[in-house]
Amino acid sequence: MMDIAYDPAAIERRWYEYWEREGHFQPRGDGEPWCILLPPPNVTGSLHMGHGFQQTLMDVLVRWQRMRGYRTLWQGGTDHAGIATQMVVERQLDGTGESRTSLGRDGFIERVWRWKEESGGTITRQMRRLGVSLDWSRERFTMDDGLSRTVREVFVRLHREGLIYRGQRLVNWDPQLRTAVSDLEVIAEEEAGQLWHCRYPLVVGDGAVVVATTRPETLLGDTAVAVHPEDERYRALVGQRVQLPLTGRELPIIADEHVDPAFGTGCVKITPAHDFNDYEMGLRHQLPMIDIFTEDATLNDNAPAAYRGLDRYEARQRIVDDLEAAGLLEKIEPHRLKVPRGDRSGVVIEPRLSDQWFVRAAPLAEEAIRAVEDGRIRFVPDNWKNSYFPWLREIKDWCISRQLWWGHRIPAWHGPDGELWVGYSEEAVRREHQLPADMPLLQDPDVLDTWFSSALWSFSTLGWPDKTPELADYHPTAVLVTGFDIIFFWVARMVMMSLHLLGEVPFRDVYVTGLVRDARGQKMSKSRGNVLDPIDVVDGIDCDALVAKRTAELMRPKQVAQITKATRREFPEGIAAHGTDALRFTFCALASTTRDLRFDMGRVEGYRNFCNKLWNAARFVMRQAEADRSMAAARDDGVAVAGAGVAERWIISALQRTIADYTAALENYRFDLASQALHEFCWHEYCDWYVELAKRRLGDVPPDSDEARTTRQTLVQVLEQALRLAHPMMPFITEELWQRLRPLSGCAGASLSLETAPVADDARHDAEAELEMEWLKGVVGAVRHLRGELRVQPGQRIALLLRGGDATDHQRSERYAAELHSLAGLESCRWLSAKETPPPVASHLHAALEILLPLAGLADPAQERVRLEQALGRLEQDAKRQRGKLQSAGFTSKAPAEVIDETQRRLTQAEASAELLRRQLRLLGSEGD
RNA sequence: GGGUGGUUAGCUCAAUCGGGAGAGCGUCUGCCUUACACGCAGAAGGUCGGCGGUUCAAUUCCGUCACCACCCACCA
């Protein structure tokens with residue numbers, strides 16, 4: 001027997017294990033190949049809302065396409081996430097007496113691998129809880145042997161083609177992580193700072209120039225002072241020299257167009273080794289480049305002895321003090337400036353001159369632009385190409401080397417005299433270049449940017465450079481589902497690499513999702529303490545545990561108190577268990593075209609209720625159908641027809657409409673519209689109306705009659721179709737119900753996950769039945785409205801009177817007498833003749849049909865009078881509006897005929913209705929007086 | 001400084017072609033009517049951000065302004 005309420009915990013794991021064990025997620029059949037890539041999550045990470053959201057959408061697509069007969073592959077795997085993972089392991093070593101450096105490179109990497117083995121299963125376990133149906137047998141890791149081989153292959157090829165080069169450049173340097181990072185990994189935000197005005201005395205004479213700087217400590221690396229060539233104030237000084245304070249060095253005053261005379265003093269200090277603009281200027285003017293920092297941004301030996309070893313900010317203070325003491329500090333102004341920070345470490349990025357590896361990006365970008373321009377790749381929503389194009393058109397070379405230990409080691413070897421060879425391995429390099437066996441070779445110590453291997457993901461996972469059958473079948477993949485935050489990091493780079501190396505796009509569609517935010521619209525992040533773990537929404541969590549989780553990784557105690565308070569206020573009872581399907585359905589419902597998605601627990605709750613609704617509908621249907629032994633045999637072409645009444649014809653027609661809407665919506669990646677169509681059908685058509693009608697019918701006719709049998713079959717078959725339709729979004733509950741329904745539905749298959757998706761059948765669209773049902777729903781609605789207004793007790797049966805209407809109304813009222821009685825709670829229903837004077841009634845109009853509810857013992861005539869007057873007011877207003885339109889010459893001459901007809905029809909209707917109400921009011925008035 | 005997206009019911013969000021706006025949650029009223037109180041039946045609630053334009057007709061198209069969010073950009 002089924003429980004009275006749906007309990008997701010009781011079934012979810014069981015079905016997942018079954019599907020996986022039976023290999024349902026592997027490509028099968030001989031349909032067209034269809035492939036989707038999982039953006040590889042951090043192998044040691046855990047699932048957050050963004051993953052849950054995107055993976056749910058991917059899973060909906062892949063399950064749906066699987067049911068539509070495609071030979072689907074969801075290719076998955078995990079990412080080594082170089083910086084993030086290395087940071088975690090380094091932090092683990094804190095306080096253990098060991099450190100990265102004490103362990104040494106091999107020892108440290110060994111530790112990272114151990115951590116990967118230890119925690120690597122977490123996120124994939126969580127993905128399974130979400131129902132993710134990827135082919136786990138093909139799971140890959142960016143640092144496994146095969147993918148590492150692809151990485152080396154690509155590196156070597158691009159290097160040979162001159163698309164990868166090594167050079168000394170000014171790069172973004174993270175002094176905490178002690179590595180270069182790419183432009184994308186630097187976040188510049190406006191912060192409060194200061195502008196220091198410093199006086200640089202002229203070497204000749206006793207004059208001075210005043211430079212304004214936001215970074216006084218870099219003064220020690222200055223190699224020039226620049227002014228604008230047209231700046232009258234300084235023109236005479238160009239070519240002269242100044243004394244650089246605190247150092248004893250002299251600097252030239254140069255002229256350069258780039259100087260903005262209006263900013264600061266119009267006179268700027270030039271530090272080519274520590275500023276991107278100054279670097280360019282240094283190149284233009286052949287200035288010396290003096291690097292004054294070590295790798296962790298303390299001052300090095302190029303600084304005067306007094307400052308060596310100081311941190312950059314200590315040095316700043318010291319230098320400001322010293323300038324002040326020397327009388328060279330003119331003034332200090334508050335100043336807001338953009339401060340570049342590392343997106344991982346959060347520390348201020350230091351431009352640093354160093355030897356790095358780069359990808360020459362511009363040539364690769366050209367084809368990537370073309371592929372979107374000519375439609376080989378399609379962005380959904382389309383406007384995302386507007387961010388894609390400009391970035392690619394002005395792309396800068398990509399710094400791919402990282403001074404980390406965890407990652408793909410760069411396949412390049414240094415000889416003893418500064419030679420450098422790139423190759424697949426040390427042996428290959430020796431062989432290729434005929435290097436003597438005793439020549440010492442040292443592999444380049446750097447590793448590659450994690451995104452380098454990510455960029456190869458579409459084909460590395462399918463076996464490239466080998467010509468595998470998978471590569472032939474599944475590349476290009478069908479669609480990439482990802483967030484707009486990684487269009488540059490990942491999407492664009494994947495497009496460039498795939499086009500260049502394979503000559504084809506990596507995917508045809510890019511479906512760009514919004515970003516999941518908290519209920520207040522804030523980005524969810526650990527540091528904000530506002531994260532919701534999708535698994536907690538599934539399983540539930542009590543308030544204390546939630547608070548503990550959110551405050552575990554916070555640094556500042558002040559923040560802990562604040563987050564504790566906020567969390568207790570928002571979730572005083574913690575979070576209830578909602579089950580995976582409810583969460584998945586919520587994600588679908590949220591997936592509109594907007595960029596920011598506020599995660600709303602209220603909606604999850606609503607969709608948990610929806611699951612329960614389905615559960616109980618199935619419970620009812622099964623109870624009705626169980627006794628009927630003919631049920632399973634009845635399955636022919638999906639839904640029974642013999643002896644079908646208008647309700648059956650209607651619900652079957654509505655089902656076709658729903659299937660068509662749902663299918664069209666999913667084809668356009670409108671998960672929200674698809675989920676809405678499904679929800680509307682299941683709840684408000686099937687449950688609210690068809691099941692209620694079926695109840696009545698089954699109570700009225702003999703159980704073994706054709707009518708009863710057809711009703712039962714329709715209940716079962718429509719539910720079965722609805723379960724198929726819902727399965728991609730709600731795989732667990734639908735599988736459970738489908739299995740229970742199977743003896744009645746006559747489906748032979750082993751699992752819903754292997755069944756075919758419903759296809760709308762136009763032949764079953766039934767306009768007449770829909771019209772009939774419209775009438776019935778309208779009249780029932782009118783009666784219910786009156787009952788509600790008049791506060792008639794639900795149990796109380798009423799004697800309904802009908803008047804007016806046309807012949808069809810008369811026929812229908814007889815045809816659906818039984819339905820009206822049960823759905824509207826009628827005691828009796830009688831037509832009044834035109835002449836007959838009704839007793840005091842409450843009335844409602846359905847088209848020309850007057851629905852009259854006698855007031856005797858029900859309500860106050862005065863109240864009814866007020867109601868009618870309000871209704872009359874609305875009708876008169878409407879009539880006036882329509883009349884106005886029809887009297888306008890412009891309207892009648894220019895509007896399309898059908899709009900004019902519609903307006904005319906409305907006017908006639910409104911006038912007629914108003915007249916009926918006036919008559920009603922007159923009657924009431926005479927009775928009431 | 002450029003660019004993109006948004007502004008619709010108390011909250012979260014929909015609305016294919018321009019022809020008097022919908023849902024869920026919340027609120028109010030009445031119901032434990034034997035599938036479901038995670039429910040049923042009703043109801044209230046909107047100058048569709050402001051202004052201007054095009055049009056017979058604008059939430060919808062165009063312009064402009066305001067506010068919010070995000071992206072890009074070398075102003076020390």
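Every chain is numbered from 1 and lettered A, B, ... according to where its sequence line falls, protein lines coming before strand lines.
Nearest to the side-chain atoms of R598(A) among the listed nucleotides rU12(B), rA35(B), rG30(B) stands rU12(B). Taking the side chain of F488(A) as heavy atoms from C-beta on, and the options rC71(B), rA76(B), rA41(B), the nearest nucleotide is rC71(B). Nearest to the side chain of R619(A), among rC36(B), rG5(B), rU29(B), sits rC36(B). For D600(A), counting side-chain heavy atoms from C-beta on, the closest listed nucleotide (rU12(B), rU4(B), rC36(B)) is rU12(B).
As judged by a 4.0 angstrom heavy-atom cut-off over every strand, V691(A) is placed among the base-contacting residues. R670(A) comes within 4.0 angstrom of the backbone, heavy atoms only, and of no base. No contact: K269(A) has no heavy atom under 4.0 Å from any strand. T892(A) comes within contact range of no nucleotide atom at all, as no heavy-atom separation falls under 4.0 Å. Residue contacts shown for I270(A) are absent, as no nucleic acid heavy atom lies under 4.0 Å away. Across all strands, G579(A) comes closer than 4.0 Å to no nucleic acid atom at all (heavy-atom distances). Base contact: R608(A) has a heavy atom under 4.0 Å from a base atom. F263(A) comes within 4.0 angstrom of a base, heavy atoms only. Looking at heavy-atom distances under 4.0 Å, D688(A) makes contact with sugar-phosphate atoms alone, never a base. Among the protein residues, L673(A) comes within range of the sugar-phosphate backbone only, with heavy atoms under 4.0 Å from sugar or phosphate atoms but none that close to a base. R595(A) comes within contact range of at least one nucleobase, with a heavy-atom separation under 4.0 Å. Residue contacts shown for C687(A) include a base, since a base heavy atom lies under 4.0 Å away. Residue contacts shown for D596(A) are limited to sugar-phosphate atoms, with no base heavy atom under 4.0 Å away. Residue-level contact check: V211(A) touches neither bases nor backbone, having no heavy atom under 4.0 Å from any strand.
Annotation: rA15(B) and rC48(B) have their C1' atoms spaced 11 Å apart (nearest Å). When the P atom is compared between rU29(B) and rA14(B), the two are found 32 Å apart, to the nearest whole Å. For the P atoms, the distance linking rU60(B) with rA41(B) amounts to 35 Å, nearest Å. For the P atoms, the distance from rA76(B) to rU7(B) is 35 Å, rounded to whole Å.
In this structure, R623(A) forms no cation-pi arrangement with W615(A), as its terminal cationic atom is not both closer than 6.0 Å to the ring centre and no more than 45° off the ring axis.
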Under a 3.5 Å cutoff on both atom distances, Watson-Crick or G-U, what's the dot-bracket for RNA chain B ([ ] crossing, | other strand)? (((((((..((((.....[..)))).(((((.......))))).....(((((..]....))))))))))))....
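Atoms CG (D275(A)) and C1' (rA73(B)) sit 15 Å apart, rounded to a whole Å. Rounded to an integer number of Å, the gap from CZ of F389(A) to P of rC72(B) is 18 Å. Residue E789(A) contributes atom CD, which lies 8 Å from atom C1' of rG42(B) at whole-angstrom precision. Distance CZ (F587(A)) to P (rC13(B)): 15 Å, rounded to an integer number of Å. In this structure, W683(A) atom CH2 and rC36(B) atom C1' are separated by 9 Å, rounded to whole Å. Between K396(A) atom NZ and rC72(B) atom P there is a gap of 11 Å when expressed in whole angstrom units. Put simply, CD1 on I798(A) is 19 Å from P on rU33(B), counting in whole angstrom units.
Applying the 4.0 Å criterion to OP1 and OP2 of rA69(B), one finds that K523(A) has every side-chain N and O outside that range. OP1 or OP2 of rG39(B) has not a single side-chain nitrogen or oxygen of N616(A) nearer than 4.0 Å. Residue H258(A) places no side-chain N or O under 4.0 Å from the OP1 or OP2 atom of rC74(B). Phosphate proximity of rG39(B) to K613(A): absent, as no side-chain N or O sits under 4.0 Å from OP1 or OP2. Residue S592(A) places no side-chain N or O under 4.0 Å from the OP1 or OP2 atom of rC13(B).
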Tell me, for nucleotides 16-23 of chain B in 5' to 3' order, what letter each nucleotide earns: B for a base near a protein heavy atom under 4.0 Å, S for only sugar-phosphate near one, - for neither? ---BB---
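Ring to ring, F671(A) and Y511(A) are close: their centroids are under 6.0 angstrom apart. Checked against a 6.0 Å centroid threshold, the rings of H335(A) and F263(A) count as neighbours.
Each of K269(A), H274(A), R312(A) was checked for a side chain to side chain donor-acceptor pair (under 3.5 Å) with T218(A), and the lone residue meeting it is K269(A). Checked options K695(A), Q624(A), R696(A), R697(A); the residue passing with T711(A) is R697(A) (criterion: side chain to side chain donor-acceptor pair (under 3.5 Å)). Exactly one residue among E333(A), K331(A), E330(A) makes a side chain to side chain donor-acceptor pair (under 3.5 Å) with H197(A). That residue is E333(A).
Nearest-nucleotide mapping onto RNA chain B: of G781(A) and D260(A), the residue sitting toward the 5' end is G781(A). In terms of position along RNA chain B, the nucleotide closest to P794(A) lies nearer the 5' end than the nucleotide closest to the other residue of the pair P794(A) and N609(A).
W683(A) and H679(A) have tilted rings, their planes meeting at an angle from 30° to 60° on a 0 to 90° scale.
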